[in-house]
Amino acid sequence: LHQTSFSEPAGAIKAIDRHSVHQICSGQVVLTLATAVKELVENSIDAGSTNVDVRLKDNGAELVEVSDNGKGVEEANFEGLTLKHHTSKIREFSDLIHVETFGFRGEALSSLCALSDLSVVTCHESAQVGTKLVFDHNGHLVQRCPHPRQQGSTVSLGQLFYTLPVRHKEFQRNIKKEFTKMIHVLQSYCIISTGVRITCSNQTGQGKRSPVLNTSGSPCMRDNIGAVYGPKQLQSLLPFQQLRPTDVVKEDYGLTNAELPEELFTITGFVSRGDHGVGRSATDRQFFFINKRPCDPSKVTKIVNEVYHMYNRHQYPFVALNIAVASECVDVNVTPDKRQIFLQEEKLLLAILKTSLMAMYESGVNKISLNHKPSNLSNSKQNNPLNSLTSVQPRPVSARHQADPSDGELVVEPREEDEHKVQRPRSSLNMAGLRAAFSSHTKRGQESPASGGSKQKTLQSFFKGSEKAATHVHIQSPVKPLREATRSSPAGRSSLDAFRYGKTQDGDIEDSGRGSSLSECDSQTTATPESPRCSSERDSSRSSLSKVDAPVSLQKRTAPLRFCFQELASRLRRLNELQRQMDSDRLKYRRFRAKISPGENQSAEDELRKEISKDTFKDMEIIGQFNLGFIITKLNSDIFMIDQHASDEKYNFEMLQQHTALQGQRLIAPQKLHLPAVSENVLMENVDIFQKNGFDFLIDEEAQVMERVKLVSLPTSKNWTFGPADIEELIFMLSDSPGVMCRPSRVRQMFASRACRKSVMIGTALSVSEMKKLVVHMGEIEQPWNCPHGRPTMRHLVSLDVLSQD
């Protein structure tokens, strides 16, 4: 009995009650606002609607309402409309093979009943008057009454997710992000649903209802794209041209000897041109459809972006592709939201996409039209750069596209057959000239008497020289001009020698006598342990000291002191045992393991972020300056190396980011931007951030969509000018982080360039106070681990605890 009291009996396996099962499963079907709107829009399109209207209140937190002009719901289907797994699309599992509608499980409305207050107003085509239906959280019809309505249905969701307290709180906290994601999903249905007019509007509080999306119901996908993203997006699109995969591409996918089906896939749609500037900074406008069903095929997305990056490395394309395939080759019943789809012969699809896209982009490269003869190309380039090249099309990035460091411009090396047309400019500085310059510099350094066998010190000699430094004695001697020239010459001894002799690089020495004490004798002591001249001067100094320190007779009192060697020895033993015990209990580990290598930059930053806080920078001890470019600091037992230019550049960059307000230049006439309705709403909600970046707008909320915002002022700063492309980039960033202060990438580039020019350069000698100032500044910025251009600012060198005592 005593033993069985400690073990509880195993819980009996029982079925979960149906209400709990309903709540658990419903939370898996509808996860976000986007999923809820998607399910309702799909139901409307499946009902044969030609007009779908989505209305939201407070971005969907208060109310979501979807109205359509479809067939409506028959009276006989009122009871089963919101019951679990009740559907009119399929009857048995085998029907999934031939399903062509968006919905087929019968889960959407049932799950929405469990997560919100759901009501339906519907009027079937055979009914004379509409009916309002109210359902409880279990999907049961609780209220039914006549309601005037035209043919179609209206589904209303009130207080979405309020039955799940944790999810509801998170949903309300991130409501703007949820709204943005919902709009992106809705845009995919606007593009693919030809012949269906889809509108979306939002009302905030008691304010006016503002349009968000609006399509015209055109039968053409291109017109739908223009209605969603404006006419500017249409100017950069290419219609997709499908080709059979080449043998090389088939070999890449292992399809060379395989029996491939004919005409299995039919791909239609549009992609961006490969020109730089017409792409996007992110993958926010990429839509893929399989049999007109929006989906997320990761491998298809990857191959499209990889091919595009061969011609436009720094941007992403606009993509809207529909892949038509036989329904028996597709499995859409994979995830609750049906966004993941399994395909047969997926490798064949990838091969077709790769071959077709490469052929489309290859046809647009190497198109260079010259207004002048090739011999006058360089002269025309200097006189008027706009007249030399009228249109330059991109080509695959390869070794032929190189940046010439001599002039800082992009040099396009033509193919072999085109070499007689365009000659590649050569740099006047060759390797022979470099060798001659370095050899002459080396000879001058050897002829200088100041060099005297002194070499540039390495970091190893920097640490090993600490014991030798203790044996050096400073000797008073007259100041010599030759010594001062040696200290200021870069060909002389390095800055690390100064630390071994107790000096700083720029001569900022507390004891002026000590600074002038070193002479040519000092350079000899580094090569030999003892020189006769120095030893004689040392003896004379000792004799003079002995004369000064003469003994003096004083009155002293004596007192007996009790002392015992045995007691002293026992106390020492106890102290040693206590010390050993403390050492054994202390946790010893290497806090910094990353090497100073470009491949380990991320791990090194993670270690520094973990071990170094902002408050610790002011506690660092300055050891000195290495190679006129790096500050050596010590924190407890760790030695760090700080890049003086990179650290100062990052501090100046963040100060410019925080305190610089760009001045705007007003335009002669307001400029229409033709922004989509979503972008217009984001801009109007964050006007203050745009104004801090130098943009100013004329906003007319009564105007039509895409014409509500006009640009009246642009930021300018010296040679930097900005435009609509920077506005679109800001809108994209604010869509992800509403209300957060941000800058366009070109503004960041401008600030980074200014911060670089005003920072301490490599090769500048710094005093201890100047070095301390740079180190303290690192603790005052948000991200001190790398400069704006990505160069690391700080690295761990060595821990003194792990160094050998020998």
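Sequential numbering from 1 along the given sequence is applied to the chain's residues. Here the structure is a predicted model, which is why all the values come from computation and not from measurement.
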Nearest atoms (heavy-atom pairs only) where [X] meets [Y]:
{"X": "Val64", "Y": "Gly60", "value": "CG2-O, 3.7 Å"}
{"X": "Val712", "Y": "Phe697", "value": "CG2-N, 3.8 Å"}
{"X": "Leu237", "Y": "Arg222", "value": "CB-NH1, 4.5 Å"}
{"X": "His124", "Y": "Gly72", "value": "CD2-O, 3.6 Å"}
{"X": "Thr35", "Y": "Val30", "value": "CG2-CA, 4.0 Å"}
{"X": "Cys190", "Y": "Thr215", "value": "CB-CG2, 3.6 Å"}

Derivation and outcome, side chain to side chain contact (heavy atoms under 4.5 Å, CB included), residues Leu40 and Leu157 = CA-CA 10 Å; Leu40 298 180; Leu157 307 177; 3.8 Å; yes

Practice task
Check the pair Val142, Phe135 against side chain to side chain contact (heavy atoms under 4.5 Å, CB included), reporting the backbone distance first and the verdict last.
Solution key: CA-CA 5 Å; Val142 296; Phe135 300 88; 5.7 Å; no

What is the distance from atom [atom1] of [X] to atom [atom2] of [Y], rounded to the nearest 0.5 Å?
{"X": "Ser156", "Y": "Asp117", "atom1": "OG", "atom2": "CG", "result": "11.0 Å"}
{"X": "Asn686", "Y": "Met741", "atom1": "CG", "atom2": "CE", "result": "11.0 Å"}
{"X": "Leu343", "Y": "Ile323", "atom1": "CG", "atom2": "CD1", "result": "7.0 Å"}
{"X": "Ile183", "Y": "Ser188", "atom1": "CD1", "atom2": "OG", "result": "11.0 Å"}
{"X": "Met706", "Y": "Arg708", "atom1": "CE", "atom2": "CZ", "result": "10.0 Å"}
{"X": "Asn322", "Y": "Thr268", "atom1": "CG", "atom2": "OG1", "result": "4.5 Å"}

side-chain contact (heavy atoms from CB on, under 4.5 Å) with Leu186: of Leu213, Val228, Ile191, Val52, only one passes, and it is Leu213

side-chain contact (heavy atoms from CB on, under 4.5 Å) test vs Ser44 passes for just one of Val54, Thr154, Val66, namely Val66

Under a 3.5 Å distance rule, please check whether [X] uses its side chain to pair with a backbone N or O of [Y] as donor and acceptor.
{"X": "Ser116", "Y": "Phe161", "result": "no"}
{"X": "Asp68", "Y": "Ser153", "result": "yes"}
{"X": "Glu65", "Y": "Leu56", "result": "no"}
{"X": "Arg149", "Y": "Lys132", "result": "no"}
{"X": "Thr301", "Y": "Pro297", "result": "yes"}
{"X": "Asp58", "Y": "Glu62", "result": "no"}
{"X": "Asp296", "Y": "Phe288", "result": "no"}
{"X": "Asp136", "Y": "Gly139", "result": "yes"}
{"X": "Ser272", "Y": "Pro317", "result": "no"}
{"X": "Gln242", "Y": "Ile267", "result": "yes"}

Legend entry - Aromatic plane relationship, His168 with Phe171 - under 30° parallel, 30 to 60° tilted, over 60° perpendicular: tilted

So do [Y] and [X] actually touch side chain to side chain, heavy atoms under 4.5 Å?
{"X": "Leu734", "Y": "Val740", "result": "no"}
{"X": "Phe318", "Y": "Val278", "result": "no"}
{"X": "His137", "Y": "Cys113", "result": "no"}
{"X": "Val330", "Y": "Phe342", "result": "no"}
{"X": "Asn59", "Y": "Lys176", "result": "yes"}
{"X": "Val271", "Y": "Tyr308", "result": "no"}
{"X": "Val134", "Y": "Leu141", "result": "no"}
{"X": "Glu345", "Y": "Phe265", "result": "yes"}

Would the number of heavy atoms belonging to other residues, nucleotides or ligands and lying under 6.0 Å from [atom1] of [X] be above 12?
{"X": "Glu125", "atom1": "CD", "answer": "yes"}
{"X": "Gln783", "atom1": "CD", "answer": "yes"}
{"X": "Tyr316", "atom1": "OH", "answer": "no"}

Item to complete: Show your reasoning for whether salt bridge (charged side-chain N to carboxylate O under 4.0 Å, His left out) applies to Glu728 and Arg280.
Response: CA-CA 10 Å; Glu728 292 182 0; Arg280 303 286 299 171; 3.6 Å; yes

Polar contact flag, side-chain donor to acceptor under 3.5 angstrom, [X]-[Y]:
{"X": "Asp688", "Y": "Gln691", "value": "no"}
{"X": "Ser210", "Y": "Asn202", "value": "no"}
{"X": "Asp223", "Y": "Ser216", "value": "no"}

When Arg285, His674, Gln187 are each screened for side chain to side chain donor-acceptor pair (under 3.5 Å) with Tyr229, the one that passes is Gln187

- Message: Between Glu729 and Arg743, does any NZ, NE, NH1 or NH2 come within less than 4.0 Å of an OD or OE carboxylate oxygen?
- Response: no

CA sep, side-chain torsions, deciding dist, call: Thr199, Asn214, side-chain hydrogen bond (donor to acceptor under 3.5 Å, both in side chains): CA-CA 4 Å; Thr199 59; Asn214 190 359; 5.7 Å; no

Using the side chain to side chain contact (heavy atoms under 4.5 Å, CB included) rule, take Asn77 and Leu81 through it: C-alpha gap first, then chi angles, then the decisive distance, then the call.
CA-CA 6 Å; Asn77 294 327; Leu81 180 63; 5.7 Å; no

- prompt: Centroid-to-centroid, Phe179 to His184, below 6.0 Å?
  reply: no

With ring centroids as reference points, do Phe240 and Phe270 lie under 6.0 angstrom apart?
no

From CA spacing to verdict: side-chain hydrogen bond (donor to acceptor under 3.5 Å, both in side chains), Asn681, Glu685
CA-CA 6 Å; Asn681 292 334; Glu685 293 174 358; over 6 Å; no

task: Test salt bridge (charged side-chain N to carboxylate O under 4.0 Å, His left out) on Arg173 and Glu178 and set out the steps.
output: CA-CA 10 Å; Arg173 189 171 67 89; Glu178 292 284 335; over 6 Å; no

Would Leu264 and Cys329 satisfy side chain to side chain contact (heavy atoms under 4.5 Å, CB included), going step by step from the backbone distance to the final call?
CA-CA 9 Å; Leu264 178 62; Cys329 299; 4.0 Å; yes

